[in-house]
Structures are given as structure tokens and as C-alpha cells.
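Beneath this line is the structure, given in C-alpha cells, with notes to follow.
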Amino acid sequence: MEAAAAIFAVIFAILVAFAVIAAVKAVRAVKRGVDRTVTQARRTVEDTRLKARQYVQPGAAGEVAQLRLSLRTSMRATQDVLQAGLADDPSLSESLALFERLSAHGHELDDDLRKLETEPDKGRVAARLPELRERVERVTHSADSLRWAAQDRARQFADDDLTVLSEQIRMESGALRHWEDEPGTTSEPAGPAATPSAAAASTASSPAASSAGAATAGAATAGAGAAAAGERERPALSGRDKRWQAGYSWQKAERPESTA
């Protein structure tokens, strides 16, 4: 009984631990979602304010707003492209690391521009504006280069994949139309049954053909018999007649045996 109670207590503790872990993960996920939503809302509000200030305030203040807006837009677009392409192309991790280093300069530059917006001395603003403009151009050019390179890479991969897919589809289409490549497909098939007139002609000519074949076979048999008889009557040529055999000087003449 005590063992069963201990087992139930352990199971209950495990279930409580799992519930706490799940609750913590859910709270963290909700918190991340809220933070993301708040960040996007702040970004949208800031971009709207900069756009309004760009058109409302002329002069150096409007140019500062324009520089901040162009910087933020370029950096955000590059970040979105690199993070979206990282899932399909892991080689973009190095590009993303370079962008993180570039983002540090971008944040520093954005802070300088934000401070310049609240600067009451217009002369100081006009004096620092050319240097800040040059820095913004350098940062945005670097960010745009990374973004365009990533987009061109993704487009090239898509073109290569489409080329390979088109070739495979062409080969599959040719395999499905295999009858177009087989020779002699347009010729008329020879039927096992002939036409009635041809059947009648072959039937009519069959007795004559049989008679001619029998006569030819008989003549061949008679010719073979005559040739065999001639072979039997012809003397053998393998032996020699001793009367016509030429002798040699070292051969002894044969003497007839005596009858006595």
C-alpha cells in the first residue's frame, strides 16, 4: 500500500513538473509575441512620424528625417531578406553575420541622427549634416549590396531549379509518348487472313504446284540412282598396276617362284 502511494506521488509530481514547464513556455511565447507586436507598432509609429516630418519641416530638419527613414528602410529590408533566405540557403549565415556588424554602425548612426533632430542649434545641424549624409550613404549602400546579392542568388537558384524541372518534364513527356518514336508504326498490319480472291487463287494453283513438285522430286531421285550406278561401274583408282609401275635402280626385280 505504501509502495502504491509512493508511485502515485511520483507520477503526480512528474505531471505537475510537466504542467509548470508547459506554462512557462507558453508565457514566454506570449511575451515574445507581445514584444514583437510592440516593436512593430513602435517602428510603424516612428516611420510615420519621420515621413510626416520629412514633408512638414523643410530644411535641415526635414533632411535629417529623410536620412533616418532611408537608413531604417534599407536596414529593415536587408534583414528581412537575409533571415527569410537563411532557411533555404545556410550559406547566408556569413552574410547575416556581416549584416549584424553593419547593424551596429546603423544603430549608432540612427542615434546620432535622432540626437540631431532635437539639436536647437541650426548651425551645428547644418555643419554635421554632410558627414552624417555620407555615413548614411555608405551604410545603406552596404546593406543594399547584401540584399541584392542575396536576391540574385535566390533568383539564380530558382532559375536553375526551373531549368532542371523543365528538362525532366520534357523527358517524361517523351516517355509518355513512346509510340511516336517506334519505327513502322504507320505501316498497315499484315492480317493473318488473306482476301477471298487471293485465297481462291492459292487454292486453284495448289494441285498444279503439288504435281510439279512430285515430278521434280522423281527426276531428282532418278538422277541420283544413275549417278550411284556409274560410281559402282567405274574402276577404282586407288590401286596401281604393277605392269605400269616405274622401277627404281635400287629395287630388286621380283623372281617367280619355282614350281619344282
Side-chain angles (χ1 to χ4, degrees), residues 18 22 25-26 28-30 32-33 36-37 39-40 43-44 47 70 72-103 139-228 231:
F18 284 158
K25 289 184 177 180
R28 289 180 179 177
V30 171
R32 286 195 299 267
R36 190 182 304 111
T37 303
T39 303
Q40 291 179 354
R43 184 182 304 167
T44 303
D47 291 344
S70 62
R72 293 165 63 91
T73 303
S74 177
M75 298 295 289
R76 188 180 307 118
T78 303
Q79 183 179 9
D80 293 342
V81 169
L82 292 179
Q83 289 181 350
L86 185 61
D88 298 331
D89 190 3
S91 62
L92 292 178
S93 58
E94 297 181 1
S95 301
L96 191 59
L98 293 176
F99 176 76
E100 294 297 334
R101 295 173 57 186
L102 184 64
S103 297
V139 172
T140 54
H141 177 72
S142 299
D144 293 341
S145 298
L146 281 176
R147 184 176 69 255
W148 295 337
Q151 291 174 349
D152 293 342
R153 182 181 178 86
R155 189 181 305 109
Q156 183 64 35
F157 283 165
D159 292 341
D160 294 342
D161 189 20
L162 181 58
T163 301
V164 174
L165 181 60
S166 300
E167 182 65 20
Q168 292 177 354
I169 291 176
R170 186 188 66 80
M171 295 176 62
E172 182 65 20
S173 300
L176 292 176
R177 296 189 182 95
H178 60 88
W179 64 85
E180 295 182 354
D181 298 333
E182 294 180 356
T185 54
T186 57
S187 61
E188 297 179 359
T195 58
S197 59
S202 62
T203 305
S205 60
S206 59
S210 300
S211 301
T216 303
T221 305
E231 290 292 336

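Please read these numbers as outputs of a predicted model, since none were measured by experiment. Atom set for the values below is all heavy atoms of this structure, side chains included, hydrogens, waters and symmetry mates excluded.
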Specify the closest pair of heavy atoms between R153 and S91, including all atoms of both residues, with the distance to one decimal. NH2-OG, 3.0 Å
Could you give the distance from CE (M75) to CZ (R147), rounded to the nearest 0.5 Å? 10.5 Å
For the backbone of F99 and the side chain of S103, can you confirm whether one donor and one acceptor N or O come within less than 3.5 Å of each other? yes
Distance (rounded to the nearest 0.5 Å) between Q151 CD and L82 CG: 9.5 Å
From L176 CG over to I169 CD1, what is the distance, rounded to the nearest 0.5 angstrom? 11.5 Å
Hey, which of L86, L146, V81, D89 is the one that makes side chain to side chain contact (heavy atoms under 4.5 Å, CB included) with S95? L146
Exercise: identify the closest heavy-atom pair between T78 and A143: OG1-O, 3.0 Å
Under a 4.5 Å cut-off applied to non-hydrogen side-chain atoms, are M171 and Q168 in contact? no
Do D160 and Q156 have side-chain atoms, one donor and one acceptor, less than 3.5 Å apart? yes
In Å and rounded to the nearest 0.5 Å, what is the CG to OG distance from L98 to S145? 12.0 Å
Is the number of heavy atoms from other residues, nucleotides or ligands under 6.0 Å of E94 CD greater than 12? no
Residues S70 and T140: closest non-hydrogen pair is O-CG2, 4.1 Å
Nearest-0.5 Å distance, CG of residue L92 to CD of residue Q83: 11.5 Å
